[in-house]
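A short write-up of the structure that comes next.
All values reported here derive from a predicted model rather than from experimental measurement.
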Number of protein chains: 2
Amino acid sequence: MATIYDVAKAAGVSPKTVSRVLNGDAPVNEKTRAAVHAAIGQLNYVPSSAARTMRSQRSGLVGMITGAISTSPHFEPTGLPEIYLVQGAQRVFAEHNLTLLIADTGGHAERVPDLLHTFLEHRVEGILYVAEYHQEVHLPGNLRGRHMVLVNCFDAVGTPCVLPDDEGGQFAVVDGLIGKGHTRIGFLTLPERQAARPHRTEGYRKALAKHGIAFDEDLVIAGAISDVAHEYDLLWDALDRLLRIPDPPTVICCANDKMAMRVYGLLRERGLEIPKDICLVGYDDYRMISEHMHPPLSSVDLPYGAMGARAAAKLIRLISGTSKPNEPSRELVSGPVAWRESVRPRDRVVTPFQTWRRET
Amino acid sequence: MATIYDVAKAAGVSPKTVSRVLNGDAPVNEKTRAAVHAAIGQLNYVPSSAARTMRSQRSGLVGMITGAISTSPHFEPTGLPEIYLVQGAQRVFAEHNLTLLIADTGGHAERVPDLLHTFLEHRVEGILYVAEYHQEVHLPGNLRGRHMVLVNCFDAVGTPCVLPDDEGGQFAVVDGLIGKGHTRIGFLTLPERQAARPHRTEGYRKALAKHGIAFDEDLVIAGAISDVAHEYDLLWDALDRLLRIPDPPTVICCANDKMAMRVYGLLRERGLEIPKDICLVGYDDYRMISEHMHPPLSSVDLPYGAMGARAAAKLIRLISGTSKPNEPSRELVSGPVAWRESVRPRDRVVTPFQTWRRET
DNA sequence: ATGGTTTATGACACCGATGTCATGACATCG
DNA sequence: CGATGTCATGACATCGGTGTCATAAACCAT
């Protein structure tokens with residue numbers, strides 16, 4: 001590879017002048033500048049980030065640790081969120097001339113220290129620590145004192161973090177459903193241990209309260225439990241109970257799109273047609289699912305791309321020291337509700353529950 | 001940050017000796033080694049990759065360019081494949097003490113030169129160029145002469161590449177279906193422009209040929225076209241034609257899981273139950289879809305993780321110059337067929353087509 | 001005892017940028 | 001016209017490691 005000395009020689013100037021042309025830190029005569037640029041083109045010169053890093057003590061690198069946490073032995077490497085996070089973050093970093101280093105633990109949390117060491121060798125200027133789903137994490141101590149932003153997770157000591165606005169998302173979808181005339185809104189929730197669950201439930205309650213609709217606990221049932229083995233039975237039972245209550249729901253909110261996908265099948269088995277007989281909404285808006293279900297599934301967008309971008313911006317502010325003094329350490333990111341054909345207004349839904357109940 | 005000089009001073013040795021302890025390139029006395037390690041721990045020393053890079057001319061970095069190609073204006077950022085690729089590749093790189101730089105074009109191919117320049121500044125030792133789906137690409141000229149491996153794509157000049165074994169995958173699934181007694185096997189193919197299509201079709205033909213079953217062109221219809229706007233109508237029509245032929249299929253192979261997902265809905269609309277009345281298989285094995293369909297979908301695993309790992313290994317061989325002299329520039333990676341409940345043996349399938357035809 | 005080899009260590013230069021300081025050529029001003 | 005300031009450029013040291021070479025001590029064989 002050509003060096004700055006080669007360029008200097010070819011252009012008949014000193015290396016320092018070439019440096020000035022590249023960095024614009026001092027005026028350079030127009031003719032000199034042209035000669036230098038010509039030499040650079042000729043030699044295919046690309047400056048060495050390593051040399052620059054040594055002198056300036058700035059690496060231009062940021063690290064991202066993903067897949068770091070495997071709380072469940074049935075770790076499910078769906079990976080979907082991460083790619084959007086990466087894209088969102090990388091876009092922002094690129095605008096600030098930062099390059100993204102990526103390390104994936106593959107679910108083995110014990111690899112984190114090693115990966116971190118590698119990052120430090122490369123003198124990353126900051127680190128994004130990404131969790132698979134909204135949860136609390138406990139960071140290894142050697143991360144202290146580094147610029148860092150947690151994404152999709154938070155810790156007990158107030159490390160800056162970016163989280164999905166679960167309460168806002170659930171509020172928005174329930175508020176929207178009520179706006180379409182629904183008043184009996186079933187809610188198949190996440191397992192109890194999930195950090196998002198209380199926030200989602202709070203959003204559900206607040207939306208009801210806004211419209212003066214009483215909260216009915218019969219309408220809210222866990223649609224999944226931590227123990228994956230019995231998940232399917234549980235969902236069947238939860239749905240069964242929802243449909244058997246005296247005044248059954250005209251729409252069901254599922255905790256995520258995967259759950260909604262199964263509910264499609266279960267409802268069809270019972271002879272219920274979506275959205276004619278009952279409406280359905282999901283959460284996450286995995287478009288690969290929601291757009292291709294039949295009919296397409298309404299869902300709350302879990303804005304991973306935006307979260308990545310917001311986290312990157314936050315990290316850049318930390319690095320550059322331009323954080324506002326009272327900037328909150330916790331940022332919530334909202335996504336829109338994607339309304340699709342799985343939902344129609346209440347007055348166009350005809351719940352044939354009596355019929356169905358007679359049959360079983 | 002502590003430097004090697006600080007460590008040397010603290011341990012009472014020369015910097016070079018510290019370097020030897022770190023790299024093990026020459027024998028060091030046991031007591032000296034212990035003193036050095038103690039000093040390293042004390043000072044929290046992490047060697048600077050920048051300084052090491054300058055001297056040794058090896059950066060320990062490899063780059064990956066993803067999302068580079070947007071052939072379609074309706075670019076669909078599913079992103080699913082990439083995360084597995086990243087994980088697979090990163091695992092192998094980590095074993096070789098290489099760190100992965102990631103740049104995502106977000107579908108804007110014109111950004112590639114810039115991203116590439118950044119990679120070169122960091123003196124990456126090799127580059128993986130990843131396409132969204134199996135296709136031909138044309139690389140910008142300035143990539144020539146770099147160690148590079150194409151993933152999920154190939155070019156006209158024989159750049160080393162790693163591709164999914166589309167022929168083998170389709171062969172395996174059709175061979176398996178025939179093994180289960182099926183002889184009338186419908187095939188909803190990819191759009192014509194897709195590079196994978198001829199390979200898949202060849203696999204389909206070879207599996208039939210192996211068992212002496214005649215190829216029936218009525219059974220093979222494009223299930224999708226490039227023009228996204230009419231995709232759904234086309235699929236409806238293709239399925240309709242498949243089901244109306246004199247001796248209709250007992251199982252249908254879909255070109256991908258998204259298509260299969262829609263076919264679930266379309267078949268149900270026609271009153272056909274999977275797998276009782278007709279069986280279905282997909283391709284890609286997006287487990288988020290295949291495992292959660294009702295019933296779960298049989299599908300050919302498109303082994304992105306393995307492709308990432310194979311590509312990484314290939315790149316490492318290029319970098320280290322240990323490629324076998326006659327190593328093929330093109331590597332095919334196969335994945336297993338995931339058999340699930342959407343398929344059952346032929347003798348347990350009761351096709352009620354006569355009934356259905358009377359109705360319509 | 002002596003020469004040859006191995007072991008353990010240090011001195012020093014170098015990788016390729018850039019920060020600091022110095023310098024010469026002009027332009028401007030009182 | 002000399003003092004002062006601005007512009008354009010170069011010399012040199014430095015960032016933190018490692019390759020090369022030198023050297024001293026310990027070990028071994030004759």
Side-chain angles (χ1 to χ4, degrees), chain A residues 1-40 43-61 97 99 117-125, chain B residues 1-40 43-61 97 99 117-125:
Chain A
M1 287 260 13
T3 74
I4 200 169
Y5 298 96
D6 302 326
V7 174
K9 192 177 295 176
V13 298
S14 77
K16 180 67 215 193
T17 296
V18 177
S19 172
R20 278 190 267 258
V21 170
L22 289 171
N23 299 288
D25 43 349
V28 175
N29 183 288
E30 200 47 56
K31 281 177 76 172
T32 316
R33 181 192 310 279
V36 168
H37 275 133
I40 287 174
L43 296 169
N44 240 311
Y45 168 69
V46 180
S48 157
S49 146
R52 186 175 285 170
T53 296
M54 278 195 72
R55 194 72 246 259
S56 67
Q57 306 288 31
R58 292 206 50 221
S59 66
L61 296 171
N97 293 314
T99 304
H117 196 265
T118 305
F119 280 177
L120 292 182
E121 288 189 347
H122 288 284
R123 298 293 190 266
V124 292
E125 300 180 32
Chain B
M1 289 254 20
T3 74
I4 201 168
Y5 298 96
D6 302 326
V7 174
K9 193 176 295 178
V13 299
S14 77
K16 180 66 214 194
T17 296
V18 178
S19 172
R20 278 191 266 256
V21 169
L22 289 171
N23 299 289
D25 44 347
V28 175
N29 183 286
E30 200 46 56
K31 281 176 79 172
T32 317
R33 180 191 311 277
V36 168
H37 274 131
I40 287 174
L43 297 168
N44 240 310
Y45 168 69
V46 180
S48 157
S49 147
R52 186 174 287 169
T53 297
M54 279 196 70
R55 192 70 246 259
S56 68
Q57 306 288 36
R58 294 205 49 218
S59 65
L61 296 171
N97 293 315
T99 305
H117 196 265
T118 305
F119 280 176
L120 293 182
E121 286 189 345
H122 288 284
R123 299 291 191 265
V124 293
E125 300 180 31

Separation of [N] [atom2] from [X] [atom1] (nearest whole Å):
X	N	atom1	atom2	result
E121(B)	dC15(C)	CD	P	21 Å
M54(A)	dG19(C)	CE	P	14 Å
D25(A)	dA8(D)	CG	C1'	13 Å
K31(A)	dT9(D)	NZ	C1'	16 Å
L120(A)	dG16(D)	CG	C1'	16 Å
D6(B)	dG17(D)	CG	P	9 Å
R123(A)	dG16(D)	CZ	P	8 Å
Y45(A)	dG16(C)	OH	P	10 Å

How close do [X] and [Y] get, counting heavy atoms only, and between which atoms?
X	Y	answer
T17(A)	T32(A)	CG2-CG2, 3.9 Å
S14(A)	A8(A)	C-CB, 3.7 Å
A2(A)	Y45(A)	O-CD1, 3.3 Å

Give a yes/no answer on whether the side chain of Q57(B) brings an N or O atom under 4.0 Å of OP1 or OP2 in dT18(D).
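Q57(B) to dT18(D) OP1/OP2: no side-chain N or O under 4.0 Å.
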
Between CZ on residue R52(A) and CE on residue M54(B), distance to nearest 0.5 Å:
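Result: 12.5 Å between the selected atoms.
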
Which distance, rounded to the nearest 0.5 Å, do you find between the CE of M1(B) and the CG of D6(B)?
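Rounded to the nearest 0.5 Å, the CE-CG separation comes to 9.5 Å.
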
Among the candidates dG17(D), dG16(D), dG19(D), find the nucleotide nearest to the side-chain atoms of R52(B).
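The listed nucleotide nearest to R52(B)'s side chain is dG17(D).
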
Closest listed nucleotide, where the reference is the side chain of I4(A) and the choices are dC15(C), dA17(C), dC15(D)
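Nearest to the side-chain atoms of I4(A), counting from C-beta on, is dA17(C).
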
Mind checking what makes side-chain hydrogen bond (donor to acceptor under 3.5 Å, both in side chains) contact with S56(B), not counting sequence neighbours?
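For S56(B), no residue satisfies side-chain hydrogen bond (donor to acceptor under 3.5 Å, both in side chains) once neighbours in sequence are set aside.
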
Heavy atoms only, 4.0 Å cut-off, all strands: where does S48(B) land among base, sugar-phosphate and nothing?
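The answer is sugar-phosphate, as S48(B) gets under 4.0 Å only of primed atoms, P, OP1 or OP2.
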
Out of E121(B), R123(B), H122(B), which one pairs with S49(A) under the side chain to side chain donor-acceptor pair (under 3.5 Å) rule?
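Considering E121(B), R123(B), H122(B), a side chain to side chain donor-acceptor pair (under 3.5 Å) with S49(A) is found only for H122(B).
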
Using both distances under 3.5 Å as the test, list the Watson-Crick or G-U wobble partner of dA26(D), or none.
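dT5(C) is the nucleotide pairing with dA26(D).
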
Across nucleotides 6-14 of chain C, 5' to 3', mark each nucleotide with B, S or - according to how protein heavy atoms within less than 4.0 Å reach it.
--SBBB-BB

